[in-house]
Amino acid sequence: MTGSGRTKPSERVLDFGSNAVAAEVYGPHNAHLDRLESLLGVTCAPRGNALALSGTGRALDIAERAVRRLAEQAKGGRGVEAADVEASVRMSRGTPTAGDDEAETGLKTRKKTILPRTPKQADYIRAMQRDDLVFGLGPAGTGKTYLAVAMAVSKYLKGEVARIILSRPAVEAGENLGFLPGDLRDKVDPYLRPLYDALNDMMPADQVQKRIDSGDIEIAPLAFMRGRTLSDAFVIVDEAQNTTAVQMKMLLTRLGEGSVMVVNGDLSQVDLPKGVRSGLRDALEILEGVEGIGVVEFGEADVVRHGLVARIVAAYNAHTKETPYEAPKGPHHGS
């Protein structure tokens with residue numbers, strides 16, 4: 001302690017050994033370093049290929065881990081963007097656990113390598129690598145759909161699955177499909193647009209369309225799953241809070257040999273008619289303790305869209321005083 005009662009700042013110097021890596025970590029006009037200082041209250045002093053970090057206590061530890069993550073990302077040939085700085089800080093706040101390295105190798109797609117941006121996203125990636133059925137729960141903007149599509153594309157490109165099947169229930173939030181123009185495909189496509197967007201972010205549009213035409217990628221409303229056996233496929237069901245109990249049972253019993261199914265939803269955003277119980281909530285209660293099932297629950301801290309989205313989610317939760325769904329405690333849950 002100093003005479004004023006404050007802890008004297010410590011300094012740590014990290015040598016990147018490369019101008020290119022240092023430039024990526026520092027950002028344009030040292031913008032990434034400015035952001036680190038703002039987020040953690042540390043001081044960042046670039047010294048050519050090396051960076052001197054000054055700070056106290058845990059903030060300095062977090063800053064060092066965050067910078068090392070960014071440097072590894074740059075060494076791997078992946079550029080460092082502003083969003084990566086905040087993601088690296090989020091990932092570095094937690095205590096390192098076994099399996100982190102596996103999750104952070106990233107999910108390779110045609111266009112980019114997708115890395116987890118929060119510890120819970122890393123848990124989610126590990127769950128999809130480990131379990132044949134995974135439930136992803138939580139608010140919008142936490143990456144549930146995006147990471148599931150990234151995992152599906154990664155496994156497809158490596159030949160681990162032969163097909164990708166993306167689906168969601170066509171339940172309208174205060175609207176009616178019957179009033180929309182066009183045929184059935186025209187009516188349901190707007191509900192499936194987030195899935196198309198995620199695919200196009202990971203594969204060239206012409207390749208996406210080619211695989212849709214060949215049947216290797218199928219995007220369809222949930223009703224189209226009835227009576228089928230989904231084998232050797234990566235199946236993603238989005239907005240699953242809007243399934244009924246009967247639909248959910250039908251869906252889960254479609255799973256065939258060599259397949260993985262990821263079921264995502266937000267139990268605070270149910271659009272079913274009043275009095276109709278969500279099939280997602282029903283399944284979580286019924287399947288508690290069943291081996292081979294993973295449940296990962298995201299929270300407000302995992303929102304990785306615009307920073308304002310996290311504050312909007314928090315404000316709505318505070319206003320309605322809703323209690324977030326608590327995943328049943330069991331050996332198959334969590335990370």
Side-chain angles (χ1 to χ4, degrees), residues 1-97 100-101 103-106 112-123 125 139 141-143 146-147 298-315:
M1 303 287 284
T2 65
S4 63
R6 294 183 179 180
T7 302
K8 184 178 180 180
S10 300
E11 182 179 271
R12 298 176 191 173
V13 179
L14 306 181
D15 190 341
F16 306 118
S18 162
N19 285 329
V21 171
E24 287 290 343
V25 173
Y26 298 165
H29 307 292
N30 294 340
H32 296 345
L33 301 184
D34 293 341
R35 188 58 181 150
L36 276 172
E37 291 180 337
S38 174
L39 290 168
L40 295 170
V42 297
T43 299
C44 301
R47 300 173 181 172
N49 288 343
L51 176 67
L53 295 171
S54 299
T56 58
R58 187 164 180 264
L60 184 57
D61 292 336
I62 294 170
E64 180 180 356
R65 289 203 295 268
V67 170
R68 290 188 184 280
R69 287 176 185 273
L70 294 175
E72 287 302 312
Q73 181 173 329
K75 288 176 183 176
R78 301 184 294 270
V80 177
E81 301 176 357
D84 295 320
V85 178
E86 297 193 19
S88 186
V89 169
R90 281 194 297 267
M91 292 293 295
S92 300
R93 288 186 186 278
T95 302
T97 58
D100 277 353
D101 289 343
E104 290 202 40
T105 56
K112 61 178 73 175
T113 297
I114 313 297
L115 296 171
R117 292 194 164 187
T118 70
K120 192 62 71 173
Q121 286 193 350
D123 288 346
I125 289 175
T142 51
Y146 192 81
L147 286 175
F298 296 89
E300 297 164 10
D302 300 300
V303 173
V304 293
R305 288 182 184 167
H306 191 292
L308 184 58
V309 175
R311 298 195 291 276
I312 291 171
V313 171

Sub-4.5 Å side-chain heavy-atom contact between V85 and L70: yes
Using the test side chain to side chain donor-acceptor pair (under 3.5 Å), find all partners of Q121 that sit at least two apart in sequence or belong to another chain. none
Those residues at least two apart in sequence (or on a different chain) that pass salt bridge (Lys or Arg N to Asp or Glu O under 4.0 Å) with E81 are none
Check: residues 43-50 side-chain donor-acceptor pairs under 3.5 Å, at least two apart:
unit_1	atom_1	unit_2	atom_2	d
R47	NH2	E11	OE1	3.2
N49	OD1	N19	N	3.3

Measuring from I114:CD1 to I125:CD1, what's the distance to the nearest 0.5 Å? 9.0 Å
Atom OG of S10 and atom CG of L53: how far apart are they, to the nearest 0.5 Å? 11.5 Å
Distance, nearest 0.5 Å, that separates CZ of F298 from OG1 of T118: 6.5 Å
Donor-acceptor pair, H32 side chain versus V80 backbone, under 3.5 Å? yes
Strictly distance-based, threshold 3.5 Å: is any side-chain N or O of R90 a donor or acceptor partner for the main-chain N or O of R117? yes
Can you run down the salt bridge (Lys or Arg N to Asp or Glu O under 4.0 Å) pairs that involve residues 23-34, sequence neighbours left out, and say none if there aren't any? none
Pairing residues for A66 by the side chain to side chain contact (heavy atoms under 4.5 Å, CB included) criterion, not counting sequence neighbours: L36, S88, V89, S92
Taking every heavy atom of R93 against every heavy atom of L40, the minimum-distance pair comes out as NH2-CD2, 3.7 Å
Residues passing the salt bridge (Lys or Arg N to Asp or Glu O under 4.0 Å) test with E64, sequence neighbours excluded, are R12, R68
